[in-house]
Structure formats: structure tokens, C-alpha cells
2 protein chains.
Amino acid sequence: MKFSKDIATLCKEHGLRLTEPRKVIMQVLADSSDHPDAVELHRRVSEISPGVAIATIYRTLALLEEKGVLEKHTFGDGRARFESADQEHHDHFINIETGDVIEFRSDEIERLQEEIARQHGFDIVSHKLEIYVRPAKKGRRRAG
Amino acid sequence: MKFSKDIATLCKEHGLRLTEPRKVIMQVLADSSDHPDAVELHRRVSEISPGVAIATIYRTLALLEEKGVLEKHTFGDGRARFESADQEHHDHFINIETGDVIEFRSDEIERLQEEIARQHGFDIVSHKLEIYVRPAKKGRRRAG
DNA sequence: GTAGATGCAAACGGTTTGCGACAAT
DNA sequence: ATTGTCGCAAACCGTTTGCATCTAC
């Protein structure tokens, strides 16, 4: 996950103290290429800094979301996942066989959404498109 | 909410006993034009049949989902909501000012999703598009 | 009569919070 | 020194489950 600025700068800019738990949590996020949930994040953080409480993970994530640094997503399974908010908006494929989350973007879909919302008399505040997929298997006829 | 068949028939067809709680739960669902969550459903059921436990609500909903009679949705707030599964697929607007859920359908968006999934080497299993909206207010400059 | 369904209460899993201790500024 | 942050444990909320009882078939 890529942040717009380095960790110390992000904290300073948002009036957050640069504490050890925060450094580790943000570093782990920065080093993650997937979308870990809080419990998985806690596991990874604990490998580096065993004392960090899961409450601190949640508080830090909530804080970073509040500051607009992270975006929260909930992909059906009840657990929240986070990603950097400074990226361009995108949607997600969720590979139901592996749990992997893959990002994609379609300007055409974005545009259609705007159009449909307008037709219904709405302004879009945000949206979420999740496509649950499995790897394409040509000629596949039954589940295997 | 409209079911494809009457309640007795639905139960019989799926090997479910036609019990009093089930009759009431399904009747309340049939009479609902919105998408109540389990707790709200329990509240409505309790007005008619005060003895029904919330566990029975959950069990009945899970059973009906399993039998393909209902579809489960989770709109961000953590609570599951249900709708009849025999309708044509559609997506949802969620009015963030009122909590109302409005259904819509766009064949064009459906088609684009298929196309993009194919480009990524995926088969779509299901998908979920939720557009969080507020009523359009022309010239609106600040929140009110 | 029997298996399935129910009510109750306790358990669950993810998340949040109150509190006193602690440490970044 | 001040105030934000921390770890801990308990609370929370929606949901699920074990168990004894009940009831539709």
C-alpha cells in the first residue's frame, strides 16, 4: 500500500503523535500489497512489535480513516479492510476461491452510474462495486 | 416483497414445516415494501406474534436463503437485509439521508462488468453495486 | 411417534470503549 | 507538565448455537 507521504509527515500533518505502535502499523500497511483486515494486520504488527494491542490497531485505523488517509471497505464477510485513500477511485474483484481482492477501474461504469443516479434524482456521495469472481475456465460445465 | 408462490406452497416445496412463526415471518416479509434487517423484522413479527424469538427469525431467514427463496444483502452497516430472490437482478441506491434502499437495474452496467471481468480472466459469480446517494439539490453549496 | 422447529440464554466474532498508566511533545 | 496514546479487559452489537421442549407431520 502506498501512502502519499512518509509516515512521520503524515502524522505531523494530521496532528498525530509519532508513536512506536503507529510507526509499525503504518509501516506494515505500507508494506502490504493486499487488503488485510484488522486481525490480520494485528498479526503482522505483532511479529515486529509484540506488545501492540488490537484496540490500538482499531483506533489507529479509525483515526487514519477519519483523517482521510485510509479508506474502509467491508467485503461481505463482516470484517473491515483498509486501503490508502490517495489513490484514484477504483472498484474490486473478489476472487472467491482465494479471497484475493483485485482493483480495477472503469470510467464507463463510473459515468453510467452518474447518469442513472441523475435520472433517479440523486447525487452520488460514494459507491461500491464488488464483483465476486472465480478464474475463468473455458469449457467448464460443473463446479470442481 | 413478493414471493413467487404462496407461503404454504413455498414451505411444502422446500420440505419446511408450516409453523406459526414461519407463517408470520413470511407474511411480514411479503407485506414489507422495504428491506428490513433481522431486528426490525423481529419487531414487526412481534406485533403479530409476540412469542417469536429472534433466533427463530435468524434461523428462518438463513433457511430461506439456503433454499434460494431469499437473497441476503449487507449494506455497509453490518446488518443483513433480505429480499425475494425470484426478482430479476438489480442494484441499489442507498439514500444516506433517510436510509431508504431503492432498486435499479442497468443492463449496460451489467454488460460492462462481464466485459471487464473477462478482460481480467475472471468469471463473475455474483456482484454487488451500491450507490450511496442523497437527493439532488441544484445549486446546493453546503450541507444543510 | 418422530424428526424438525422453537424459545431461551449463553456463546460468538469483530469492533469499541472506560480506565489508569505511560510517553511524545 | 500536559495531553494524547497505550494496553487491558470489559462491553457492545449483530448473529449463531446448545439444549430441552414442543409440535407439524
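These numbers come from a predicted model, not from an experiment. Each chain gets a letter, A, B and so on, in the order its sequence line appears, and its residues count up from 1.
- In this structure, B/Arg81 atom CZ and D/dG14 atom P are separated by 12 Å, rounded to whole Å.
- Between B/Val133 and A/Ile124, the shortest heavy-atom distance links the atoms CG1-CA, 4.1 Å.
- Side-chain nitrogen and oxygen atoms of B/Arg22 include none within less than 4.0 Å of the OP1 or OP2 phosphate oxygen of C/dG4.
- With sequence neighbours left out, the side chain to side chain donor-acceptor pair (under 3.5 Å) criterion links A/Tyr58 to no other residue.
- One end of the helix from C/dG1-D/dC25 to C/dT25-D/dA1 points its axis 30° away from the other end's axis, with each axis taken from 5 pairs and the angle rounded to 10°.
- Sorted by first and then second residue, the pairs that involve residues 7-28 of chain B and meet salt bridge (Lys or Arg N to Asp or Glu O under 4.0 Å), not counting sequence neighbours, are B/Lys5-B/Glu13, B/Glu20-B/Lys23.
- Residues from residues 25-41 of chain B lying near DNA chain D, meaning a heavy-atom separation below 4.0 Å, are B/Ala38 in numerical order.
- Taking atom CG of B/Leu63 as the reference point, atom P of C/dG4 lies 12 Å away to the nearest angstrom.
- Judged as a side-chain contact (heavy atoms from CB on, under 4.5 Å), and not counting sequence neighbours, the contacts of B/Ser4 are B/Leu10, B/Asp86.
- Among pairs with a residue in residues 98-107 of chain A, those fulfilling salt bridge (Lys or Arg N to Asp or Glu O under 4.0 Å) read A/Glu88-A/Arg105, A/Arg105-A/Asp107, at least two apart in sequence or across chains.
- The side chain of A/Arg79 has C/dG14 as its nearest neighbour among C/dG7, D/dG14, C/dG14.
- Atom CD1 of A/Ile57 is separated from atom C1' of D/dC8 by 15 Å (rounded to the nearest Å).
- Not counting sequence neighbours, the partners of A/His89 by the side chain to side chain donor-acceptor pair (under 3.5 Å) test are A/Asp91, A/Glu110, A/His127.
- Scored by the side chain to side chain donor-acceptor pair (under 3.5 Å) test, A/Arg79 finds A/Asp37, A/Asp77 as partners (sequence neighbours excluded).
- The side-chain contact (heavy atoms from CB on, under 4.5 Å) check on A/Ala30 picks up A/Phe3, A/Gln27, with sequence neighbours excluded.
- B/His92 pairs by the ring pair (Phe, Tyr, Trp, His ring centres under 6.0 Å) definition with B/His35, B/His73, B/Phe75, B/His90, not counting sequence neighbours.
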Where protein sits on nucleotides 16-25 of chain C, one letter per nucleotide: B base, S sugar-phosphate only, - none, heavy atoms under 4.0 Å: BBB----BBS
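- In this structure, the side chain of A/Thr60 engages the main chain of A/Thr56 through a donor-acceptor pair within 3.5 Å.
- Protein atom NE2 of B/His14 is 13 Å distant from nucleotide atom P of C/dA5, rounded to whole Å.
- Between the NE2 atom of B/His42 and the P atom of D/dT16 there is a distance of 15 Å, rounded to whole Å.
- Rounded to whole angstrom, the span from the CG atom of B/Leu61 across to the C1' atom of C/dA5 amounts to 15 Å.
- With sequence neighbours excluded, the residues that form a salt bridge (Lys or Arg N to Asp or Glu O under 4.0 Å) with A/Glu115 are A/Arg111.
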